Amino acid sequence: MLNLGIIGLGYMGRTHLGAAEKLDGVQVVAVADARDPGAVRFRGQPIPVYGDASGLLRHEGLGAVAICVPTYLHEECVTAAAAAGKSILCEKPFALHAASAARMLRVAQVFGVRLMIAQVLRFWPHYVRLRQMVRSGEIGAVRTVSAWRLAEYPTWGAWFKDPSLSGGCILDLQVHDIDFVCWLLGAPAAVRSTGRRAPSGAIDHVFTELRYPETLVHIEASYMMPRGWPFRMGIRVNGDNGCLEYVFDVSGNVRERERAVNGLRLYRPDGTMTDIEVSAADSYEEQLRYFCAIAAGNEWPVVCPPEESLGVMRVVDACRESAEVDGAVRCVEEEQTGHLRSN
Ligand SMILES: NC(=O)c1ccc[n+]([C@@H]2O[C@H](COP(=O)([O-])OP(=O)(O)OC[C@H]3O[C@@H](n4cnc5c(N)ncnc54)[C@H](O)[C@@H]3O)[C@@H](O)[C@H]2O)c1
């Protein structure tokens, strides 16, 4: 049995708490939050609530933590959890900048603890299936990739609008698609991002180009959609022998995902179209199951290793720099993203 603690019981903390209820071999034994969340139950039983991470990290028998505090607190929490010897699942994005992520990875290595960043698309059945099909050559050489992720600002956390706390839309939202494309194609040689500034100063509607020798990649992300806009994400991969498209469209937030229009289709050059069958598993449950198996056993993450997540952070930093200077092309140095190139 893995004894798991959750630090930060907001939107994602509660998502992990709900996912853990469905998993065998996992027990959420306590949570921590700076604001009093009231009584918290796991499988119907009350569990202790600490006012800060340090109290939770001293909880007897605790084996692992899910870190779900706002992004600007990730480094502080990961450092404390690593020093306490716990296995760590840290919400995406890794940190505010790659330099912070590099320090966090180093501290996990020094203390010899497992660290995994919760890049959930690596566990999202449709994205996983699309990647399997592309990498097995199903659609031939990949020529173009388009991805999109369009939402209104999260209604539950004011910190999302402050770029010094969230990193803005490239880091907070587009990181999902940048991570997935890097997982699909490896690291790009160069990037270019342009965007529109919100009143807060954050660049919160962005168009990003990731440049590969044989493939054009274009990704759009926004937090600046009007109130009530359906959360929309998707990806289209066009190859010499067909096009795969995944569309996810839900009125409201991603938490309504069970009611989403949610389909992966393959279009062939001969005019045929096939709906691809995909597991109905919940991606957040899959992700937590994978992390808990690693934390309970003696393994290290291979689906989402922190070295790759650090490489992705370097790509994200380059996109943010590009957007700050209105779309200047930024090269991505090979030695900075070595783990991604060989994935
Ligand atoms: N994977 C996804 O789909 C996804 C979706 C949303 C958010 N996120 C990420 O998850 C993280 C958390 O986002 P959220 O939406 O849950 O935010 P949130 O604001 O809903 O929750 C954060 C919680 O952390 C608590 N907190 C703040 N400071 C704390 C501290 N020092 N110690 C303990 N608790 C503290 C807050 O009181 C709050 O309850 C962010 O990094 C965000 O980018 C991921």
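As the structure is a computational prediction, the values presented were derived from the model and not from experiment. Along the sequence shown, residues carry numbers from 1. Order of listing sets the numbers, starting from 1, for every ligand and every atom in it.
In the vicinity of F160, heavy-atom distances shorter than 4.0 Å reach the ligand 1 atoms 15 (O). Atoms of ligand 1 found under 4.0 Å from any heavy atom of V69, numbered from 1 in the order shown, are 11 (C), 12 (C), 24 (O), 29 (C), 33 (C), 34 (N), 35 (C), 40 (C), 41 (O). Taking every non-hydrogen atom of P70 and a distance limit under 4.0 Å, the qualifying atoms of ligand 1 come out as 22 (C), 24 (O), 27 (C). Interface atoms of ligand 1 facing P93, defined by a heavy-atom separation under 4.0 Å, are 43 (O).
Taking 4.0 Å as the cut-off, H74 counts as a neighbour of ligand 1 on heavy-atom distance. A heavy-atom separation below 4.0 Å is found between C68 and ligand 1. Heavy-atom distances between A53 and ligand 1 stay at or above 4.0 Å for every pair. The closest approach between any non-hydrogen atom of D52 and ligand 1 is not below 4.0 Å.
One finds a salt bridge joining D179 and R122 here, because a Lys/Arg side-chain nitrogen approaches an Asp/Glu carboxylate oxygen to under 4.0 Å. In summary, K22 and E285 engage in a salt bridge, as defined by a charged side-chain N under 4.0 Å from a carboxylate O.
Contacts between Y11 and ligand 1 below 4.0 angstrom, taking non-hydrogen atoms only, involve backbone and side chain alike. Using a 4.0 Å cut-off between heavy atoms, Y284 contacts ligand 1 through its side chain alone, with no backbone atom that close. Within the 4.0 Å heavy-atom criterion, both parts of M12, backbone and side chain, lie near ligand 1. In L73, the part holding a heavy atom less than 4.0 Å from any atom of ligand 1 is the side chain.
Between F180 and Y127, the gap from one ring centroid to the other is short of 6.0 Å.
The distance from atom CZ of R129 to atom CG of L264, rounded to the nearest 0.5 Å, is 7.5 Å.
The closest heavy-atom contact to atom 42 (C) of ligand 1, among the options H176, R35, K92, comes from K92. Looking at W159, Y72, F94, Y50 and measuring to atom 19 (O) of ligand 1, the nearest heavy atom belongs to W159.
Within the cation-pi definition used here (under 6.0 Å to the ring centroid, within 45° of the axis), R131 qualifies as a partner of W183.
With E321 as the partner, the salt bridge (Lys or Arg N to Asp or Glu O under 4.0 Å) test is satisfied by one option alone out of R314, R192, R330: R330.
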Could you tabulate the donor-acceptor pairs under 3.5 Å formed by side-chain atoms of residues 57-71, not counting sequence neighbours?
| from | atom 1 | to | atom 2 | distance (Å) |
| --- | --- | --- | --- | --- |
| H59 | ND1 | Y50 | OH | 2.8 |

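Checked against a 3.5 angstrom limit, the closest N/O atoms of E76 and ligand 1 fall outside it.
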